[in-house]
Amino acid sequence: MDEVRPAITTHVQRGSVPGGQQPRTAEDCAAYLLPHLKPGTSVLDIGCGPGSTTADLAERVAPGPVLAVDLFDRVLDMARAEVRRRNLSNVSFSTADVHKLDLPDDAFDVVHAHQVLQHVTDPVAALREMRRVCRPGGVVAARDVDYAGFIWFPQLPALDLWRDLYQQAARANRGEPDAGRRLLSWARAAGFDDVTPTASLWCYATPASREWWGGMWADRILHSGVGREMLALGLATAAQLEEIAVAWRTWAAAPDGWLSIPHGEILCHA
């Protein structure tokens, strides 16, 4: 059996995402989970990234404790800064691999992971570990994107190429970019028999949101680990990456530009 490695796909492995992320909120990343939070709830936030969602969760459950974990301490530094900025005292931090959490059984009321399972080598094992540290009667919550379901306008062939290359690179790193549609099956394989599956969308169609998303990907495809990985794997040429960057900026500048991004969600009752 292959050794289970820590979570990876390209942009997470290289640490290029958090600094380029638009600030996320609990409302746009975890709306399906919010009804299950109340003051005093204990939360484990796996793959916390730069911490804006973590801080939102912490505000909702205070004085309940929140433990924010990520693979990379440099990412946790950003989350620490966000928590300090918001003057929160109920958040602690630790580096951790979701495949093997150095935490006791039955430790948290809620175990939450946003955009994590698409990046791990064994999402079923990750969910089993999340279940282990969730107390009986608690909730394991996960939300992940589904790249195959992206829909955009105007239709630009270079963006079709972008998605194809991204999916190939992610799978070469043993990730699953179409994780959203698989969450329910992974949860069932992990032993959960009480699962509430839902779905939701992000939509980028305003000038500001298009500028952010299109500019982010135009930069990332040329100057981050994503593009370097595609080149190293022989999936793309430098000219193709330039073409993709131009296409994202063209899309962002289109006054009728539109992009929807589907997500799968699961609430697993422990």
Side-chain angles (χ1 to χ4, degrees), residues 7 23-71 75-76 79-80 82-83 86 88-120 123-145 179-180 183-184 186-200 263-270:
R24 295 297 183 198
T25 68
E27 286 75 13
D28 70 10
C29 294
Y32 70 107
L33 172 62
L34 298 187
H36 297 267
L37 303 179
K38 61 183 180 181
T41 299
S42 60
V43 177
L44 173 62
D45 191 22
I46 295 173
C48 67
S52 57
T53 301
T54 306
D56 280 357
L57 298 177
E59 288 176 341
R60 287 175 177 269
V61 303
V66 176
L67 175 60
V69 303
D70 204 281
L71 269 176
V75 175
L76 290 178
R80 291 184 183 102
E82 176 66 13
V83 165
R86 291 163 69 164
L88 297 170
S89 61
N90 61 326
V91 185
S92 57
F93 300 90
S94 179
T95 55
D97 175 5
V98 67
H99 292 115
K100 190 175 182 180
L101 298 167
D102 186 18
L103 295 167
D105 295 352
D106 306 336
F108 299 91
D109 299 317
V110 171
V111 181
H112 169 255
H114 184 253
Q115 311 293 16
V116 172
L117 295 180
Q118 64 182 288
H119 299 304
V120 305
V124 173
L127 282 164
R128 289 192 184 115
E129 187 70 347
M130 293 167 70
R131 183 183 186 183
R132 180 185 68 79
V133 300
C134 185
R135 70 164 180 80
V139 173
V140 171
R143 182 174 188 261
D144 270 274
V145 72
L183 291 180
L184 177 58
W186 290 342
R188 291 171 60 84
F192 289 102
D193 55 17
D194 185 358
V195 183
T196 302
T198 53
S200 59
H263 291 77
E265 302 159 345
I266 48 171
L267 282 172
C268 307
H269 304 276

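Ile266 contributes atom CD1, which lies 7.5 Å from atom CZ of Phe192 (distance to the nearest 0.5 angstrom). Considering OG1 of Thr53 and NE2 of His114, their distance stands at 6.5 Å, rounded to 0.5 Å. Atom CD1 of Ile46 sits about 8.5 Å away from atom CZ of Phe108, to the nearest 0.5 Å. Between the CG atom in Leu267 and the CG atom in Leu183 there is a gap of 11.0 Å [rounded to 0.5 Å]. The distance from atom CD of Glu129 to atom CZ of Arg132, rounded to the nearest 0.5 Å, is 4.0 Å.
Pairs passing the side chain to side chain donor-acceptor pair (under 3.5 Å) check and including a residue from residues 39-50, sequence neighbours excluded, read Ser42-Asp109, Asp45-Thr54, Asp45-His112. Contacts classified as side chain to side chain donor-acceptor pair (under 3.5 Å) and involving residues 190-200 (residues at least two apart or in different chains) are given here: Arg143-Ser200, Thr198-Glu265, Ser200-Glu265. Each salt bridge (Lys or Arg N to Asp or Glu O under 4.0 Å) pair with one or both residues in residues 50-59, not counting sequence neighbours, appears once here: Asp56-Arg86, Glu59-Arg86.
Of all the heavy atoms in Ala31 and Pro35, the pair that sits closest is O-CD, 3.5 Å. Closest approach of Phe93 and Ala79 over heavy atoms only: CE2-CB, 3.6 Å. Between Arg60 and Leu37, the closest heavy-atom pair is CD-CD1, 4.4 Å. Across all non-hydrogen atoms, the minimal contact from Gly51 to Glu82 is O-CG, 3.8 Å. When every heavy atom of Ala113 is checked against every heavy atom of Met130, the shortest pair comes out as CB-CE, 3.8 Å. A pairwise comparison of heavy atoms in Arg24 and Cys29 identifies CB-SG, 3.5 Å as the closest pair.
Looking at residues two or more places apart in sequence or on another chain, you find a side-chain contact (heavy atoms from CB on, under 4.5 Å) between Asp106 and Arg135, Pro136. In this structure Arg80 satisfies the salt bridge (Lys or Arg N to Asp or Glu O under 4.0 Å) test together with Asp73, Asp77, sequence neighbours excluded. For Asp102, there are no side-chain hydrogen bond (donor to acceptor under 3.5 Å, both in side chains) partners, not counting sequence neighbours.
A side chain to side chain contact (heavy atoms under 4.5 Å, CB included) with Cys48 is found for exactly one of Leu67, Leu76, Val69, namely Leu76.
Distance alone, capped at 3.5 Å, places no donor-acceptor pair between the Tyr32 side chain and the Ala199 backbone. Side-chain atoms of Gln115 come within 3.5 Å of backbone N or O of Val145 as a donor-acceptor pair.
In this structure the side chain of Leu44 reaches within 4.5 angstrom of the side chain of Leu101, judged on heavy atoms.
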